[in-house]
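Below is one structure, written out as structure tokens, with a few remarks after it.
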Amino acid sequence: MSNKEYNFSEIEKKWQDFWEGSGLFRVNEECDRDKFYCLVMFPYPSGTLHVGHGRNYIIGDVVSRYKIMKGFRVLSPIGWDAFGLPAENAAIASGIHPSIHTKNNIKKMKVQLERWGVGYDWDREVTSCEPDYYKWTQWIFLKLFERNLAYKKKAAVNWCPSCATVLANEQVVDDLCERCDTRVKQRDLEQWFFRISDFAQRLLDDLETLDGWPEKVKVMQTNWIGRSEGAKINFKLEGSEKIIPCFTTRPDTIFGVTFMSLAPEHPIINELIKGTDHENPVSEFVDRVRCQSAIERTSEGTVKEGIFTGRYVINPVNSERVPLWVSNYALMEYGTGAVMAVPAHDQRDFEFACKYKLPIKIVIQPSGNDTALRPEEMSEAYVEDGVQVNSCQFDGIPNREAIPKIIDFFEEKGMGERNINYRLRDWLISRQRYWGAPIPIIYCDRCGAVPVPEDDLPVLLPENVEFKPHGHSPLNDVEEFVNTTCPKCGSGARRETDTMDTFVDSSWYYLRYLSSKDNAQAFDSETVNKWLPVDQYIGGIEHAILHLLYSRFITKVFFDLKLINFNEPFRNLFTQGMIIKDGAKMSKSKGNVVNPDLITEKYGADTQRLYTLFIAPPQRDAEWNDRGVIGSYRFLNRLWNNITEFEEHFKNVPDTEIQHSLFSKETKELYRHINITIKKVTEDIEKSWSFNTAIAAVMELLNMVVDFSAGLRDKEFKDEVNINDFNILRLSLETIVKVLAPFVPHICEELWKILGHNPSIFSVPWPIYDEDAIAAEQVEMVIQINGKVRSKLVVPSEISEDDLKSRVMEDQKIIENLDGKKIIKTIVVPKKLVNLVVR
RNA sequence: GCCGAAGUGGCGGAAUUGGCAGACGCGUUAGGUUCAGGACCUAAUGUCCGCAAGGAUGUCGGGGUUCGAAUCCCCGCUUCGGCACCA
């Protein structure tokens with residue numbers, strides 16, 4: 001056999017041009033055949049892609065091409081998440097305008113994507129920084145503003161000093177900026193928010209409908225939304241008509257309240273202390289605590305601190321006077337900003353009470369009361385279940401049962417009500433940066449914040465801007481941008497100079513692909529309703545909360561606006577694992593980036609694709625091994641050489657139907673394995689996306705074909721048996737080429753031609769296997785004695801149990817091993833094994 | 001602390017209604033081919049004992065269920081991810 005290396009660069013270019021020219025991936029949205037919307041998360045144009053990024057696009061391409069062969073009309077679009085900080089930071093550093101920088105990067109990355117042979121409908125390309133895209137991002141803002149889902153408020157927000165902008169909660173990880181790892185600070189600023197917290201329950205409920213999502217992502221979103229059930233209880237302020245409500249998940253502990261904690265930001269504090277002896281110390285405490293960052297305030301290790309206000313509230317159930325404190329562990333953003341403190345049954349309250357010598361009152365005792373709790377002996381709060389004590393009419397009831405009863409009691413007496421709280425906060429969407437979609441709002445002294453009329457969209461980003469990181473948007477300094485007239489009253493007014501979080505851009509792009517060139521609307525409802533939800537979404541786990549939660553939210557808003565008829569954007573989600581190099585995630589700063597261009601140059605795109613798929617199951621992280629690439633390259637060359645050496649025969653030997661009656665033992669076995677392989681590959685793709693094992697199965701088949709073809713080499717195919725043998729070889733090679741086509745499309749197109757067919761292999765239906773051919777006539781069975789393998793027997797697969805047993809007893813090795821011992825039990829697993837239990 | 005995932009040769013990984021552990025590939029070793037290198041071909045390759053035939057042992061550790069456990073149950077350990085002063 002020849003050992004040439006195939007000319008991948010010529011072949012790959014040729015077929016990439018062919019697919020582009022023949023419009024393999026161009027899809028007419030009017031088409032009503034079986035549709036399949038396959039979507040990969042669109043990239044941020046950072047400049048270059050590494051092999052780790054490649055995994056995402058390669059997986060998406062495998063799915064698209066497989067579905068095409070299965071007869072689906074596949075929509076596979078791509079675009080660019082093109083607004084964002086890196087381009088602007090580059091502008092500050094180098095003076096190159098972000099739009100130039102971004103366009104250059106897009107050009108480079110597009111070449112990379114094409115070189116991988118990943119197929120897209122480029123006619124649908126969207127770029128989020130282009131006015132014809134961000135016009136509609138602004139339109140979406142207006143729609144939310146109309147429905148009061150976009151609003152401005154002053155709040156303590158996360159400020160990244162390095163990025164010189166505010167960040168959403170989701171973009172702060174362990175008190176660090178998700179982008180640049182700088183420690184964020186708390187600042188009181190007036191900012192724009194989207195009311196995502198109004199959708200908390202729906203976002204939670206609909207997770208249950210997402211059967212095609214990884215459990216892990218659903219758990220993460222559930223945690224992030226953080227629902228807790230409980231009650232809101234009204235405490236009267238002593239000496240006032242005022243009520244201070246507080247939220248609790250443990251209304252069963254209401255009789256154990258011994259103090260109340262207010263968040264330092266609580267608006268009532270000032271009036272509580274005004275003119276009293278407590279005014280100065282409490283104010284000082286409040287000011288000091290408010291300077292701390294969120295993490296200093298809220299981490300578990302932080303020492304609890306507080307100060308007495310001098311005032312009391314009244315516990316509604318027993319009229320006890322409850323001292324009112326301000327403490328650093330009460331958060332204004334959660335619940336009502338006031339905590340009813342039960343030191344006996346809450347660890348935080350317990351620590352606080354110990355520190356300030358506040359009373360501890362037990363209201364729940366462990367059941368089986370041999371070990372009754374006593375306050376003076378407690379070293380930590382008792383947070384387990386038990387039986388109510390010191391709780392008047394509720395005494396003796398198990399606390400879990402008491403909860404609804406106590407809430408009913410509150411509701412009857414007007415003391416409080418059922419209540420649910422969520423951890424999810426509203427989405428902070430304004431950014432003090434240039435390179436984003438301007439928020440379409442105009443401030444007028446007379447009319448307030450006025451939305452830009454739809455007809456005036458887009459609010460264009462001015463081109464000539466000075467780039468400096470100074471903590472307010474560079475747009476502030478552009479007079480002709482800022483100064484405008486009020487759309488309502490016509491008097492002089494100023495534009496909003498903040499831009500939108502880029503996650504707003506990416507929260508709706510999957511809709512725009514369906515009408516990327518439509519100048520009259522963001523998307524066409526009818527078309528979108530036909531093609532969405534997305535059948536398969538593929539992307540990184542890092543978006544488990546951010547992008548995927550925001551997109552679900554925006555989809556629900558559109559649903560409410562009756563713009564779309566579906567509630568969830570992505571029916572199936574696949575999160576691929578990271579490619580690791582030298583034990584770490586690839587990054588420029590670590591210098592462990594593997595450049596795909598070098599791999600493609602040396603071995604070709606198909607090799608890179610094959611290795612990326614073969615390296616590990618796609619959902620798992622995998623270590624990139626440069627040596628491993630060569631194995632994939634060898635395999636493709638082996639396949640190439642085994643087909644091309646018979647090229648003449650494929651032309652000359654008539655391609656007659658295979659005659660089963662002419663099968664020899666070898667041909668029958670090969671025919672059987674052809675069918676086994678089709679089955680295995682199909683099931684691996686369909687059921688579990690186990691591309692690595694699918695490819696391994698094809699490798700096994702090729703190994704078998706290589707052995708088989710050795711016997712046919714140099715033969716002339718003249719008699720009937722000969723021709724039949726050759727056509728089995730032909731069938732096996734054609735099958736290999738077909739089932740490999742989604743993985744390594746270029747070489748398969750070329751080999752399909754060499755096998756004597758017209759292009760394209762993607763117009764060929766996915767092969768179907770013959771179930772009957774898979775059944776073997778003979779099987780090898782393992783013979784065990786006491787669970788240890790002692791012999792193996794080849795027997796007819798339909799052998800009777802009696803025949804099998806007598807064959808076992810005649811086996812020389814078994815006779816030796818039995819050594820006269822007594823057989824107590826015989827276990828027979830048909831077609832697999834026989835186990836003799838002996839003593 | 002709570003929730004979740006994972007742990008198998010020198011390496012990536014395979015095997016799940018419980019039934020031959022290590023498919024496939026990398027690496028390594030030996031041989032062939034080659035002026036040479038690479039490439040290619042053939043064979044071997046978990047560990048230990050043995051010239052061999054063969055035997056023992058082996059899937060993070062310890063128990064258990066079973067004729068039989070990588071797989072099921074219990075108790076631990078390690079790694080990774082999420083949440084974490086959210087009342």
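Note: hydrogens, waters and symmetry copies are ignored here, and every other heavy atom, side chains too, is used. Throughout, protein chains are lettered first and strands after them, A, B, ... in sequence-line order, and every chain is numbered starting at 1.
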(request) Using a heavy-atom cut-off of under 4.0 Å over every strand shown, decide if V837(A) touches base, sugar-phosphate, or nothing. (result)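 V837(A): backbone/sugar contact only, no base atoms under 4.0 Å.
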(request) Summarise how protein sits on nucleotides 17-27 of chain B as a single string, 5' to 3': B when a protein heavy atom is under 4.0 Å from the base, S for sugar-phosphate-only contact, - for no contact. (result) --BB--BBSSS
(request) For nucleotides 43-48 of chain B, just jot down a letter per nucleotide in 5' to 3' order: B, S or -, based on protein non-hydrogen atoms under 4.0 Å. (result) ------
G-U wobble or Watson-Crick pairing nucleotide for [N] (cut-off 3.5 Å, both distances):
N       : answer
rG4(B)  : rC80(B)
rU47(B) : rA56(B)
rG12(B) : rC24(B)
rG19(B) : rC67(B)
rU33(B) : none

With a 3.5 Å cut-off and no angle check, do the side chains of [X] and [Y] form a donor-acceptor pair?
X       : Y       : answer
S228(A) : Y334(A) : yes
N637(A) : E5(A)   : no
R227(A) : Q201(A) : yes
N7(A)   : S9(A)   : yes
N642(A) : W640(A) : no

(request) Report the C-alpha distance between E229(A) and T249(A) in whole Å, list the side-chain angles of each, state the deciding distance to 0.1 Å, and finish with yes or no for side-chain contact (heavy atoms from CB on, under 4.5 Å). (result) CA-CA 6 Å; E229(A) 281 177 42; T249(A) 55; over 6 Å; no
Between [M] and [N] - [atom1] atom distance, rounded Å:
N       : M       : atom1 : value
rG81(B) : rC85(B) : C1'   : 22 Å
rG12(B) : rU28(B) : C1'   : 16 Å
rG13(B) : rC83(B) : C1'   : 32 Å
rA70(B) : rU65(B) : P     : 16 Å
rC86(B) : rC74(B) : P     : 29 Å
rG68(B) : rU16(B) : C1'   : 15 Å
rG54(B) : rG18(B) : C1'   : 29 Å
rA44(B) : rG9(B)  : C1'   : 15 Å

(request) Scan K355(A), R288(A), R348(A) and name whichever one has a salt bridge (Lys or Arg N to Asp or Glu O under 4.0 Å) with E305(A). (result)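 Looking at K355(A), R288(A), R348(A), the match for E305(A) under the salt bridge (Lys or Arg N to Asp or Glu O under 4.0 Å) is R288(A).
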(request) With RNA chain B as reference, determine whether R790(A) or A338(A) sits nearer its 5' end, using the nearest nucleotide of each. (result)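 Counting from the 5' end, the first nearest nucleotide belongs to R790(A).
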(message) Between R425(A) and N786(A), which residue's closest nucleotide on RNA chain B lies nearer the 5′ terminus?
(response)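 The residue closer to the strand's 5' end, by nearest nucleotide, is N786(A).
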Spacing of [X] atom [atom1] relative to [N] atom [atom2], expressed in whole Å:
X       : N       : atom1 : atom2 : value
D626(A) : rG12(B) : CG    : P     : 15 Å
R250(A) : rC85(B) : CZ    : C1'   : 16 Å
E305(A) : rC85(B) : CD    : P     : 16 Å
K218(A) : rC3(B)  : NZ    : C1'   : 16 Å
Y422(A) : rA87(B) : OH    : P     : 13 Å
D621(A) : rG82(B) : CG    : P     : 12 Å
K788(A) : rA56(B) : NZ    : C1'   : 8 Å
L549(A) : rC83(B) : CG    : P     : 12 Å

(message) For I747(A), is there any backbone N or O sitting under 3.5 Å from a side-chain donor or acceptor partner on D606(A)?
(response)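 Pair found, side chain donor or acceptor close to backbone of I747(A).
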(message) Quick check against the 3.5 Å criterion: does Q347(A) have a side-chain atom that pairs as donor or acceptor with the backbone of A381(A)?
(response)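 Present.
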(request) Please work out which of the three classes, parallel, tilted or perpendicular, describes the rings of Y633(A) and F8(A), given edges at 30° and 60°. (result)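 F8(A) and Y633(A): perpendicular rings.
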(message) Walk me through whether V737(A) and I643(A) qualify under side-chain contact (heavy atoms from CB on, under 4.5 Å).
(response) CA-CA 10 Å; V737(A) 169; I643(A) 290 179; 3.7 Å; yes
To the side chain of [X], which of [options] is closest?
X       : options                   : value
K216(A) : rA87(B), rG81(B), rG82(B) : rG81(B)
D346(A) : rG82(B), rA87(B), rC67(B) : rA87(B)
M220(A) : rG82(B), rC83(B), rC85(B) : rG82(B)

Between N or O atoms, less than 3.5 Å apart, protein on one side and nucleotides 5-7 of chain B on the other: list the pairs.
none

(request) Ignoring backbone atoms, test whether K825(A) places a side-chain nitrogen or oxygen under 4.0 Å from the OP1 or OP2 oxygen of rC67(B). (result)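 Yes, because at least one side-chain N or O of K825(A) sits under 4.0 Å from OP1 or OP2 of rC67(B).
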(message) Going by the glycosidic torsion and a 90 degree boundary from 0, is the base of rG54(B) oriented syn or anti?
(response)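 That one's anti.
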(message) Taking the ring of F352(A) and the ring of F259(A), is the distance between their centroids below 6.0 Å?
(response)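 Under 6.0 Å, so yes.
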(request) Measure centre to centre between the rings of W427(A) and F193(A), then say whether the value is under 6.0 Å. (result)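 Distance test on ring centres: not under 6.0 Å, no.
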(message) Using side-chain contact (heavy atoms from CB on, under 4.5 Å), reason through V363(A) and H345(A) one step at a time and then give a plain yes or no.
(response) CA-CA 8 Å; V363(A) 290; H345(A) 305 294; 3.6 Å; yes
